[in-house]
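Per chain, numbering begins at 1; letters A, B, ... match sequence-line order. Just so you know, these numbers come straight off a predicted model, no measurement behind them.
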Number of protein chains: 2
Amino acid sequence: MAVTDAIDHDAPTPVYKQLAAILRRRIEAGDLVGRLPAEADLMEIYGLGRDSVRKGLTLLKEAGLIESVQGRGTFVVPPDQRPKGEPESSE
Amino acid sequence: MAVTDAIDHDAPTPVYKQLAAILRRRIEAGDLVGRLPAEADLMEIYGLGRDSVRKGLTLLKEAGLIESVQGRGTFVVPPDQRPKGEPESSE
DNA sequence: AGTGATTTGTGCGTATGTATG
DNA sequence: CCATACATACGCACAAATCAC
């Protein structure tokens with residue numbers, strides 16, 4: 001695992017945003033497809049609390065990159081279904 | 001959305017009390033029934049932090065207007081089960 | 001049909017840091 | 001100093017939906 005894929009707790013950027021950035025990169029690179037690791041797994045993998053994991057995932061949901069289904073998991077939205085035109089987050 | 005349903009951060013009244021007042025109005029008007037929006041949703045809807053949302057909900061719980069159930073959500077207490085006798089917070 | 005495991009949804013508690021009045 | 005308020009971040013418990021058997 002490259003250092004660029006690690007969470008830096010001392011960085012000024014919140015860890016949940018770091019997680020979102022990491023996953024976003026992997027998703028847009030086509031690396032991450034289908035079902036994402038479960039929240040519990042992401043917690044273990046990146047050494048984060050569930051709060052941070054869920055906040056990170058929420059960012060990606062708002063971006064239309066992923067979708068969560070209770071009882072099933074969280075899934076990467078296929079590229080052709082992703083909102084490319086208007087990123088609703090002008091912020 | 002009416003202006004009366006907006007949170008005024010500049011008002012002398014704390015925002016969490018404003019939230020409680022807003023929800024109380026909607027509950028007593030029969031507008032809000034069943035499950036309330038999740039805490040995270042209330043944060044988004046009214047543009048508040050978790051602190052304020054939870055404090056606001058706490059006021060309504062103390063007033064017997066709502067009840068929270070861990071793992072399920074926060075629910076409006078049916079009118080016939082509401083304590084009408086002693087309104088502990090006349091404010 | 002039923003039981004248990006998995007996974008997300010929700011709420012509760014607590015803590016730290018920053019900022020304002 | 002203290003109350004208000006937001007953001008971040010950890011932990012836990014329980015519910016609901018789904019899946020696997």
A:P12: side-chain contact (heavy atoms from CB on, under 4.5 Å) partners, not counting sequence neighbours
none

Does B:R35 reach the main-chain N or O of B:G73 with its side chain, forming a donor-acceptor pair under 3.5 Å?
no

Tell me whether the OP1 or OP2 atom of D:dA9 has a side-chain N or O from A:K17 closer than 4.0 Å.
no

Selection residues 36-47 of chain A - residue pairs positive for salt bridge (charged side-chain N to carboxylate O under 4.0 Å, His left out), sequence neighbours left out:
A:E39-A:R50, A:E39-A:R54

Quick one: A:L57 CG to C:dT7 P, roughly how many Å, whole number?
14 Å

Whole-Å distance separating the CD1 atom of A:I7 from the C1' atom of D:dC10
15 Å

Side-chain N,O (A:S52) to OP1/OP2 (D:dC10) below 4.0 Å
yes

Near B:E67 CD, under 6.0 Å, is it more than 12 heavy atoms from other residues, nucleotides or ligands?
no

Length of the NE2-P vector between A:H9 and C:dT16, whole Å
16 Å

Side-chain N,O (A:T74) to OP1/OP2 (C:dT8) below 4.0 Å
yes

B/S/- contact track for nucleotides 11-21 of chain D, protein heavy atom under 4.0 Å:
S-BBSBBBS--

Excluding sequence neighbours, so at least two apart, what forms side-chain contact (heavy atoms from CB on, under 4.5 Å) with A:K55?
A:Y16, A:D51

Listed partners of B:D80 passing side-chain contact (heavy atoms from CB on, under 4.5 Å), at least two apart:
B:P78

So how far is it from A:L23 CG to A:D31 CG, rounded to the nearest 0.5 Å?
10.5 Å

4.5 Å side-chain heavy-atom contact, A:L48 and A:H9
yes

Sorted by number, residues from residues 31-39 of chain B placing a heavy atom under 4.0 Å from DNA chain D are none

